[in-house]
Amino acid sequence: MGIQSLLRFMKPFIEPVHIEKYSGKRIGIDAYSWLHKGAYSCSMELCLGSRSEGAKRFLKYFMHHIDLLRHYKITPVVVFDGGSMPCKAATENERHRRRETNLESAKEKLKQGDVRGAVELFQRAVRITPSMAHQLIQILRKENVEFVVAPYEADAQLAYLSTLDADKGGVDAVITEDSDLIAYFCQAVIFKMDRYGNGEELLLDRVFNSVSNELSFKNFDKELFTGMCVLAGCDFLPSISGIGIKRAYSLILKYRNLDRVLSALKLDKRYQIPEDYPESFRKAVAVFHHATVYDAETKKLKHMKPLQHKDMPSLNGDLDFLGPELPPSMATAIAEGHLNPLTMEAFDYFCKIPSRADTSTVDNCITIFPAKRMNNEDISYRDQGSQMSLTQESCITIISDQQVGDEEITVTRQVKVDQKKYMKEALSLGKLIAPLESQQQVEIHMERSETPNNNPFKRRKLGDINPIKKSSSHQVPVLLDAEKSVDVLCSSSPESQETVESKPNNKSKAKHPKSTKTKTDNKNSILRFFQPL
DNA sequence: CGTGACGCCTCTT
DNA sequence: GGCGTCACG
């Protein structure tokens, strides 16, 4: 929804633009808008949970647009939505209900053999899932495209990035379809960008410094502007019946003060103001100013603009409506795409049944989680750092990229453990992080990785998006840090086995030599736990 | 004249 | 998420 009719209202200030204008600059991208558009090309597959090539067309769509930007020497920074805001629950429940009913009737049509009718309904039933976002993230990693998962609203994160300098991760403009970016006071927004890079640009400078047929924001400040947006109706707070963007603008223009507008509305008998409207209104305005965002520099959550207690005394310091705080370790794990921001579970890298996450890590840490492995498929992705997963067959699979001299290699092994024991253990530990500080010597097999090809217009085969590259493999002893953390977890379970065996990478059926393990001491073992709030 | 409810569209060849 | 249309006050 964004802000009701805001875009149409702002039309006088919107000008056509081609992204080439931002050549050499950085542009933030609202991942949701491209994901959503791309999902249309494969809505049925997505709704039915198909994992065919067809179900991945949304990825192709997205990456085409990324390549377009890179072709014009623009650095894309993709921003994903994180957890949902409490005050947005009403809006989202409504959408969910409609999607569900559409999905039901779509399946009915399909049963009746009406494919065409079914597709139409599936298109209204598609929703962007964390799994889809995560599939995309894996490609972005491989393609060295910057991305961040916002703790809550992507719009807020994007607006925050637009306030930062480029060398601190900032962006010069934002591409989105959502008018909320304007309410968040994002200085440069590009709407409706097509596949050639043509779009419509809104610059706040233009809005506040020019006059256009009776429409002027010259004497507006940020406070008044967001006040107008909230009055017109936003996702956090529906507007008072009878008030739209034009009346909102007039009210602000007339009273030039939010409190005066509120009291004027209260006295006006034409409108029915809910008892709690003024408080909700204040909160909604505060979200647009002080939303919780992720700061990549400090690797912590922060408010877009610091909020003093005196700003909103009625809250008694309760700022949860801005998005509850999270411990830094969790915030980072979310931002870097390791934790599902809705469930706080580690992502199931096999993209199968949602698994119960136990532990998760970032960067140089290993990720450990139980993942049900189906159809005995080989692991088919690679990632920076290391990941592990517990398979149905009670194995932990470890994948890690290692630097040996000038060469980057991929290491894959499996360790057998007792799953039940492991689950119990891990659950009792909560979500833990295990930095890789051990130095265990393990002999493993290794494979050379191909350097990623970032040629903008090079066609990629989608089936090729994530495999561990196969090439010559040979045995070399390497320090495998992940090993230590495996032991930490496994040793707590008496039934766990410490068998280590090599596993053929990806789909290559090539025979790899068995690896052997050499144990050493792990004195530097550190387990960090997520702090309770 | 402005609001709000309704239906239609976003992709792909 | 947006857009255009149209009945209503």
Side-chain angles (χ1 to χ4, degrees), chain A residues 1-11 14 29-47 52-65 68 79-81 84-85 88 91-92 94-96 98-99 101-102 105 115-117 119-128 132 136 153-155 158 174-184 186 189-196 198-200 202 213-215 228-229 231-236 238-253 265 268-272 459 462:
Chain A
M1 261 167 28
I3 309 298
Q4 229 71 58
S5 310
L6 181 61
L7 233 46
R8 217 184 318 177
F9 192 61
M10 287 299 184
K11 201 80 179 184
I14 292 177
I29 289 144
D30 176 17
Y32 182 87
S33 39
W34 287 357
L35 278 173
H36 200 258
K37 284 186 180 178
Y40 263 81
S41 59
C42 49
S43 51
M44 185 164 84
E45 289 90 338
L46 290 172
C47 284
S52 63
E53 284 306 299
K56 291 174 181 168
R57 278 197 296 271
F58 73 95
L59 296 171
K60 189 179 172 182
Y61 174 90
F62 200 106
M63 292 315 286
H64 167 84
H65 289 244
L68 179 75
V79 179
F80 294 86
D81 276 299
S84 47
M85 301 279 283
K88 223 170 152 178
T91 314
E92 278 171 3
E94 178 61 25
R95 273 180 203 156
H96 188 255
R98 294 183 75 167
R99 287 197 175 108
T101 51
N102 279 323
S105 21
V115 182
R116 206 168 287 276
V119 167
E120 210 166 289
L121 287 163
F122 277 127
Q123 287 184 338
R124 293 178 204 177
V126 259
R127 68 189 185 92
I128 306 307
M132 289 166 68
L136 177 60
E153 298 263 286
D155 301 330
L158 285 160
V174 169
I175 298 175
T176 184
E177 302 299 323
D178 190 343
S179 56
D180 273 341
L181 257 294
I182 311 173
Y184 278 109
C186 187
V189 191
I190 299 166
F191 298 99
K192 305 184 209 337
M193 195 196 87
D194 66 16
R195 66 174 138 173
Y196 306 107
N198 294 112
E200 300 177 356
L202 181 69
N213 327 325
E214 323 236 327
L215 191 57
M228 176 191 78
C229 292
L231 277 175
C234 62
D235 285 354
F236 310 124
S239 73
I240 293 161
S241 183
I243 299 219
I245 187 71
K246 297 207 176 179
R247 291 209 236 269
Y249 171 76
S250 308
L251 284 164
I252 298 289
L253 199 64
L265 279 170
D268 197 325
K269 293 197 167 53
R270 283 173 296 180
Y271 305 117
Q272 271 202 304
R459 288 236 174 268
L462 275 175

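Protein chains get the first letters and strands the later ones, always in sequence-line order, with residue 1 at the start of each. Quantities reported herein were computed from a predicted structural model and do not represent experimental measurements. As a basis for the values below, the full set of heavy atoms in this structure was taken, side chains included, without hydrogen atoms, waters or symmetry mates.
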[X] side chain, from C-beta outward: closest of [options]:
X: A/K246; options: B/dT3, C/dG1, B/dC11; value: B/dT3
X: A/K192; options: C/dG2, B/dC8, B/dT12; value: C/dG2
X: A/L7; options: C/dG2, B/dG4, B/dC11; value: C/dG2

Length of the [atom1]-[atom2] vector between [X] and [N], whole Å:
X: A/I245; N: B/dT3; atom1: CD1; atom2: P; answer: 8 Å
X: A/M44; N: B/dT12; atom1: CE; atom2: P; answer: 17 Å
X: A/I14; N: C/dC3; atom1: CD1; atom2: P; answer: 8 Å
X: A/I243; N: B/dG2; atom1: CD1; atom2: P; answer: 14 Å
X: A/D194; N: B/dT12; atom1: CG; atom2: C1'; answer: 15 Å
X: A/W34; N: C/dG2; atom1: CH2; atom2: P; answer: 18 Å
X: A/E120; N: B/dT12; atom1: CD; atom2: P; answer: 18 Å
X: A/H64; N: B/dT12; atom1: NE2; atom2: C1'; answer: 12 Å

Looking at every strand, decide which applies to [X] at a 4.0 Å heavy-atom threshold: base, sugar-phosphate, or nothing.
X: A/S43; answer: nothing
X: A/S241; answer: sugar-phosphate
X: A/D30; answer: nothing
X: A/R127; answer: nothing
X: A/I240; answer: sugar-phosphate
X: A/Q123; answer: base
X: A/G38; answer: nothing

Worked verdict on A/M193 versus A/H65 for side-chain contact (heavy atoms from CB on, under 4.5 Å): CA-CA 9 Å; A/M193 195 196 87; A/H65 289 244; 3.7 Å; yes
Would a distance-only check, ignoring hydrogens and angles, find a side-chain to backbone donor-acceptor pair under 3.5 Å from [X] to [Y]?
X: A/S179; Y: A/I3; value: yes
X: A/N102; Y: A/L121; value: no
X: A/R57; Y: A/G38; value: no

Phosphate OP1/OP2 of B/dT3 contacted by A/S5 side-chain N/O (<4.0 Å): no
Short side-chain N/O contact to C/dG1 OP1/OP2 from A/R95, under 4.0 Å: yes
More than 12 heavy atoms of other groups within 6.0 Å of A/R95 CZ: yes
Crowding at CD, A/Q272 (>12 non-hydrogen neighbours, <6.0 Å): no
Upstream residue (5' side of DNA chain C) when A/E177 and A/R247 are each assigned their closest nucleotide: A/E177
Closest-nucleotide 5' rank along DNA chain C - winner of A/K88 and A/R8: A/K88
